[in-house]
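Each remark here refers to the structure printed beneath this line.
Residue numbers start at 1 and run along the sequence shown.
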Amino acid sequence: MTDARAPHVPPGTGWPDDPAAPDTPVAHGAGDVIELAAGAPDLAELCARQSVCRACDRLVEWRERVAVERRRAFADEEYWGRPIPGWGDPEPRILIVGLAPAAHGGNRTGRIFTGDRSGDWLFASLHRVGLASQATSVHAGDGQRLIGARMAATVRCAPPDNKPTPLERTTCLPWLAREVEDVAGSVRCVVCLGGFAWQGVWPALKQAGYEVPRPRPKFGHGAEVELAPPPSAARRDPVLLLGCYHPSQQNTFTGRVTEGMLDAVFVRARDYG
């Protein structure tokens, strides 16, 4: 599973918080993703493998092209240009799930929800409720730290127009499912940022061993669903799934999402269980 083409930022070359090494195995297709996710010996190696995945040709081409062409405001910056691995507490009480990194956000900074206006709102809220050590998240290696929380995405590469295809979501699913499984022993609450993340997390929860209801509950801001944890979890009391409107510019500019609304969701997540 070696790769003749190097990603924009090669693994193990000193990029801040890079989880991968030059010899980290690389997935080149859906079958490889299944194999490498299942075979990762621990969470750290799983994240390393996530961060070098090349399974979806369209996403690889887009993320690396954006990393070379760049936005004028960031023309002097080196872009990450690789998949964004899970990040945060390795034994979180709260798992925060988004859709995918932004082309000039996480794809540039190397950290999910970092370097764009959505991240500005999100991390400010997490800091206000005590789940992040800083009110801002600028770049991987900036000293930001999540407190009892972890972030992941249903798709790890920035997609064109922020719209991954159904096949891309399916191909990426094993990365999320294994991450959900690995942190199930400590997680008490899962927060889904936006309807796409809400839809994308259900198959990951099922694969990780959670009992999921049918039909699937509808997404909404503040929506709550109690889930029976997987057999691997030590505690048997329910895990809470929370819906939260995405802090996108469209939502924050129009007032569909306010600071108080975000804070209320994360206070509920923080205090549950």
Side-chain angles (χ1 to χ4, degrees), residues 15-19 43-44 46-47 50-51 77 80 83-102 104-154 156 158 176 179-180 182-194 197-198 201 221-222 224 239-249 251-253 256-273:
W15 182 274
D17 294 341
D18 188 345
L43 183 60
L46 175 70
C47 292
Q50 291 170 353
S51 76
E77 294 189 24
W80 171 251
I84 306 299
W87 173 76
D89 194 326
E91 296 183 354
R93 295 187 71 257
I94 301 168
L95 179 64
I96 302 166
V97 181
L99 172 61
H104 302 281
N107 190 56
R108 171 175 62 90
T109 64
R111 180 190 291 158
I112 192 71
F113 282 112
T114 295
D116 55 28
R117 292 297 296 272
S118 296
D120 293 344
W121 273 72
L122 177 60
F123 279 95
S125 178
L126 293 172
H127 180 67
R128 286 193 297 269
V129 304
L131 297 176
S133 63
Q134 300 174 180
T136 59
S137 183
V138 178
H139 204 278
D142 64 0
Q144 176 65 278
R145 180 173 56 89
L146 293 178
I147 302 168
R150 185 174 185 84
M151 289 186 182
T154 60
R156 303 304 170 123
L176 179 61
E179 191 164 357
V180 169
D182 280 359
V183 300
S186 60
V187 164
R188 304 295 307 126
C189 184
V190 179
V191 178
C192 295
L193 295 176
W198 179 271
V201 81
H221 186 81
E224 297 191 5
V239 171
L240 184 67
L241 180 70
L242 278 174
C244 180
Y245 285 155
H246 193 287
S248 65
Q249 283 187 297
N251 285 342
T252 57
F253 282 178
R256 190 176 190 228
V257 173
T258 66
E259 291 182 352
M261 291 170 67
L262 279 181
D263 291 357
V265 167
F266 288 116
V267 166
R268 174 69 169 136
R270 182 196 67 193
D271 295 345
Y272 179 76

Heavy-atom closest pair (S51 atom, P19 atom, distance to 0.1 Å) is OG-CG, 3.7 Å
Rounded to the nearest 0.5 Å, the CZ atom of R188 sits from the CZ atom of R93 at a distance of 7.0 Å
Exercise for the section: Compute the ring centroids of W15 and H139, then answer whether they are less than 6.0 Å apart. Expected result: yes
Check: Is there a donor-acceptor pair closer than 3.5 Å between any side-chain N or O of T154 and the backbone N or O of L99?
Finding: yes
Nearest heavy-atom approach of V239 to C189 is CG1-N, 4.1 Å
When rounded to the nearest 0.5 Å, the distance separating SG of C244 from CG of L262 is 5.0 Å
### Message
Checking the side chain of T109 only, and the main-chain atoms of A140 only, is there a donor and an acceptor separated by less than 3.5 Å?
### Response
no
On a heavy-atom basis, the closest approach of I112 and F123 is O-CE1, 4.2 Å
Worksheet item: Is D142 reaching over with its side chain to a backbone N or O of S137, donor-acceptor style, under 3.5 angstrom?
Response: no
Derivation and outcome, side-chain contact (heavy atoms from CB on, under 4.5 Å), residues V265 and H221:
CA-CA 8 Å; V265 167; H221 186 81; 3.6 Å; yes
Q: Please check if the distance between the ring centroids of H246 and F113 is under 6.0 Å.
A: yes
Yes or no on side-chain contact (heavy atoms from CB on, under 4.5 Å) for F266 and L242, after CA distance, side-chain angles and deciding distance?
CA-CA 9 Å; F266 288 116; L242 278 174; over 6 Å; no
Within the structure provided, determine whether R111 and I84 are in side-chain contact (heavy-atom separation under 4.5 Å). no
task: Could you please spell out the steps behind the side-chain contact (heavy atoms from CB on, under 4.5 Å) verdict for I94 and Y272?
output: CA-CA 10 Å; I94 301 168; Y272 179 76; over 6 Å; no
Rounded to the nearest 0.5 angstrom, the CG-CG distance for D116 and N107 is 11.0 Å
Looking only at heavy atoms, the pair that brings I96 and L193 closest together is CG2-CD1, 3.6 Å
### Query
Any sub-3.5 Å donor-acceptor pair from E179's side-chain atoms to L46's backbone N or O?
no
Legend entry - Neighbour count >12 (heavy atoms, 6.0 Å) for atom CD, E91: no
Within a strict 4.5 Å, meaning less than it, do heavy atoms of the R150 and L43 side chains meet?
yes
d(Q144 CD, L126 CG) to nearest 0.5 Å is 8.0 Å
Under the criterion side-chain contact (heavy atoms from CB on, under 4.5 Å), I'd like the reasoning laid out for H127 against T136: C-alpha separation, chi angles, the key distance, then a yes or no.
CA-CA 8 Å; H127 180 67; T136 59; over 6 Å; no
dist R108:CZ -> W80:CH2 (nearest 0.5 Å) comes out at 14.0 Å
In terms of heavy-atom contacts, S133 and G143 come closest through OG-O, 3.8 Å
Here the pair of heavy atoms bringing L241 nearest to C192 is CD1-SG, 3.6 Å
Does the R270 side chain pair with the main chain of V129, one donor and one acceptor, at a distance under 3.5 Å? yes
Rounded to the nearest 0.5 Å, the CD atom of Q249 sits from the CZ atom of R117 at a distance of 5.5 Å
Answer yes or no: is there a donor N or O on one side and an acceptor on the other, between the side chain of S186 and the main chain of P92, under 3.5 Å?
-> yes
